[in-house]
There are 2 protein chains.
Amino acid sequence: MRVTADQALVKKINKSLILHTIRMNAPVSRARVSEMTGLNKATVSNLVAELCSQELVTEAGPGESSGGRKPLILHFNAAAGSVIGIELRVKQLTAVLCDLDGGVLQEVDCRLEAHDLPYVLEQMKSIISALIAQAPPSPYGIVGIGVGVPGMVDDGVVLFAPNLGWEMVELRAILESSFEVPVTIDNEANAGAQGELNFGAARDVRHLLYISAGSGIGSGIIIGGELYKGARGYAGETGHMTIEAEGKPCSCGSRGCWELYASEKTYDNQGLTLPARTTSELVRHAIQGQEDVLNHFASIGEYLGIGVTNLINSFNPELIVIGGALSEAEPWLGGPLRRVVAERTLPYHKQQLEITFSRLGSRGTVIGAGFSAVMHFLGNIRVTL
Amino acid sequence: MRVTADQALVKKINKSLILHTIRMNAPVSRARVSEMTGLNKATVSNLVAELCSQELVTEAGPGESSGGRKPLILHFNAAAGSVIGIELRVKQLTAVLCDLDGGVLQEVDCRLEAHDLPYVLEQMKSIISALIAQAPPSPYGIVGIGVGVPGMVDDGVVLFAPNLGWEMVELRAILESSFEVPVTIDNEANAGAQGELNFGAARDVRHLLYISAGSGIGSGIIIGGELYKGARGYAGETGHMTIEAEGKPCSCGSRGCWELYASEKTYDNQGLTLPARTTSELVRHAIQGQEDVLNHFASIGEYLGIGVTNLINSFNPELIVIGGALSEAEPWLGGPLRRVVAERTLPYHKQQLEITFSRLGSRGTVIGAGFSAVMHFLGNIRVTL
DNA sequence: TGACTTTGTATATTGGTTAAACAAAGTTTT
DNA sequence: AAAACTTTGTTTAACCAATATACAAAGTCA
C-alpha cells in the first residue's frame, strides 16, 4: 500500500535499516554501520541507543583497533525473543522453537493420523503449547508463530489444501485467538523459499525460484528479495503447468501437468517395477545401484529440467533451489536435471544461472515459517525508487 | 536499492504522491487530494504550490461548490513537455510524439529495408529529429525518448534481438549521445504492458500479464504495478516455454516451444493450405468464412490457452491482456482460448481472472515506450512496508 | 440576514537528520 | 616518551518538512 511520509516514517525506515544491517553483518561497530548505510554517525548512535534499550541490539565490549580508538562491538540480540515455526504435512506435523536469527532451540515431531480440522488443530495446539513451555526466558517471549501448509494461502486463510481436504480455513484467526500472538500462514513452498533465502542456499539473492518437489510440485517465488504471492495467493502453483499438451489427465482437470512426470506421483505409475513407494526408501535402493530406481530418478530429473527451463524463461531468476522430499535424491536427479536445462534454455540464461539443491533439507520449511514470524515482529520497511 | 531516509526524501515521496494523485484523478481540488492521500491540507497546499511553479500542475479556476467555498480545480499539465515513443519492428519503425499523459500528438511510420545497426540508427535518428521539430513549445520541451525493441534488454543495452540479428547493442548510450535527452529502452512486450497498464485495458491493475503474440511470443510482466524484468532482463521469454516435452524442434535449441504452436510461426507449417502468410490478410479471409483459416485460428487460440494457463498457474495475475499482431484475430482466437483456459485452470483461478485483448492495438507498444520516458521524467518513489 | 460548510492559508510546534566541533582512546612517528 | 595522527562515538546547534490549530475567504441553506 502507498503511504504518506513524515518524520516518524523517516525514523522507522532508518531504524529498520540499521537493525537489519547489524543483524546481517554482526559483529559491527557504529562507525561501520554508518559507513555501510550512509547514515550520519550521530543518527546511527541515536538509533542504536534506542535499539539497545529495546534489547534488540547488544553491546559486546571493545573490538580490535584499526589505528585509532577501539570500536564498540554491536550484536543483533537473537535471544530477545523466540518464535515457533510449524510445517504441516500430510502425515506429519513438525515444529521448531527458534531464536530471532533462525537458530533452532527445540524441535518436535508428531504423526498425523487424520486430517480433519479439529484433530489437526488439537495436535497443533498441544505441540505449540509444549514448545512455549520450553521457551527460554527473554525480554519479548514468544513473538510469533509461523505456519507452512501444503496448499494455497491468502491473508492468513487456507483457501484450499487438496491433500488435507481443507477449504477456506481461517487458520491465522484460529491460532491467534488461542495463543494471542501474531500468526503468519504461508504456503509450504513459500516458507521453504524464505528459509533458503535467509539461512540456506540463497542468502541475499534478489530473484529466487524455490521448487518444492515432493508429493506434488509447488514453487516459492522471491522477487526483489520479497515473496511474490500473486493477486490472490495462488502464485507458484507450477505443478499444474502443462508440459505435454495432450498428456496424462490430471486430477486438477487439465492434462500433462508437470507434477505427473516429475514428483512422487510418478511412483504409482502403471508398468513400473519400483521396489518402494517413498523417496527415502528408493534412495536406499539407489545407493545399492538398483537399475530400475536409477532409471526412474533419471527420468524425474529430466522432467524436472523441462519444467525448470520453463520457469527460467518466464522469471529469469538468479538462482534456483530444489527442495522438498525429492531433494534427498540429488545425486541421481542433479545430473539429468542440469543436462536438460543446459540443452533447452536460451544460451543467455546459462551464463548467470545457478541451480542448487536445498541446504536446509527437510528443515527449510519450518525454519522459513518461523522466520516469517520474525520478520513480522521486526518489521521491514523500505523505499523503492 | 535500499536508501536512507531524511526530510528531503519525505518531501520527494509526498510530492510524487500528490503529483500522481492529481494526474490520475484530475480534475481535483487541494481538499480532495488531502482526503485521498491522507496528507495534511497545509502540506498539500505547499507542495501543490511548488508543482504549479514547476508548471507540472495548473490551476483551472473554481469548480462547483458542495455547500461551502468553491474548490480551486487542479489539472496535471500534460503539456509541460513531450516525449517520443518508438517501436522497432522487423519491417517497420513506428514513432509517436506524445504529451505527458500518453496523448498522441504526431505519428510517423517508416519501412525498414534492412536490419544492420547503422541503417536502422540512421532511420531512427531521422524519424526522431522530424518529431522533435514538430514538438509544440513547452516549458520542458522533449523530456525523453522511449524505445521498444523485439529482443531482450538489460539496463539500456539490447542483449539479443534474434529477428534483427543484434547482439549487445548499447542503444541507450547511442541515442543519448545523439539527442542529449534521457532514453529508456524496453523489450517490446514490456512496453506494450506499460501501455495497456496506463492507458489501455489494464488501468490500475497490480498484477498483469501482457502477452504479445506475433511473429513469436513474449510477455510483459507487471508485478505490484511495476515492470518485472528479472535478474538480467530476460524475464518474460515465455515463447520458449515447453508445452510438448518431445515436440517440434525450435531454433532456440529446445523442443515443443509455445510459439511454435501459437504464433505467426505456424503459418509456415508443412501440410497447411493457408491462403496467406500474414495475420492481417488471414483475418480478411476469416471474415469471408474461409474454413482453413478459421480452423487454423482456432488451433492457435487453443494453444494460446495452454500457455496462458501455465502462466496463470505461475503468476496468478489479476488480468491477462493479449496483444501483438495476433490480437487482430480476436474474434476467432478468443473463444477457443477462453474455453481451454476454463478447462485447464484450477477452479480457484477462474473466479477472479479476466482475459482481454489489447485495447490500444498496434499502438500499445509505442505509447508504452513513450510512457516509460514520461515516468523516468516524473519519477515515482514509494514506500513499501 | 445569520448560521453553517467548505476550501485554502498562516503560524507555531514537533521531531527527525545533519554538519561540525569535540572528547575519548587508541596507534604511529619522531 | 612526547607529539602527531586516527578512529570512534557523542554533543551541539541548525535546518526543514509535516502537523495541529487558528484563521480568512467564499460559498450554501434556512
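Just the heavy atoms: all of them, side chains too, but no hydrogens, waters or symmetry mates, feed the values below. Reminder, nothing fancy here: chain letters follow the sequence lines and each chain counts from 1.
Comparing dG8(C), dA19(C), dA17(D) against the side chain of Ala42(A) picks out dA19(C) as the nearest. Here the side chain of Leu47(A) is nearest to one of dG16(C), dT17(C), dA18(D), namely dT17(C). Side-chain atoms of Asp6(B) lie closest to dT18(C) of the nucleotides dT18(C), dA20(D), dA17(D).
Between Pro71(B) and Ser29(B) the shortest heavy-atom distance is CB-CB, 3.4 Å.
Proximity of Asn46(A) to the phosphate of dT17(C): no side-chain N or O atom is located under 4.0 Å from OP1 or OP2. Distances shown here put a side-chain N or O of Ser29(A) below 4.0 Å from the OP1 or OP2 atom of dG9(D). Phosphate proximity of dT9(C) to Arg30(B): present, with a side-chain N or O under 4.0 Å from OP1 or OP2. Contact annotation: Lys11(A) side-chain N/O to dG16(C) OP1/OP2 distance is under 4.0 Å. Taking side-chain N and O atoms only, Asn14(A) has a distance below 4.0 Å to OP1 or OP2 of dT17(C).
Between the side chains of Ser372(A) and Asp186(A), at least one donor-acceptor pair of N or O atoms lies under 3.5 Å. A side-chain donor from one of Gln54(A) and Lys15(A) sits under 3.5 Å from a side-chain acceptor of the other.
Remark: Glu59(B) engages Arg30(B) in a salt bridge, criterion side-chain N to carboxylate O under 4.0 Å. Salt bridge annotation for Lys11(B)-Glu50(B): present, with a cationic side-chain nitrogen under 4.0 angstrom from a carboxylate oxygen.
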Output a table of nitrogen or oxygen pairs between the protein and nucleotides 24-30 of chain C separated by less than 3.5 Å.
| from | atom 1 | to | atom 2 | distance (Å) |
| --- | --- | --- | --- | --- |
| dA25(C) | N3 | Arg69(A) | N | 3.4 |

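Of the possible polar contacts, one joining the His207(A) side chain to the Gly224(A) backbone as a donor-acceptor pair under 3.5 Å is found.
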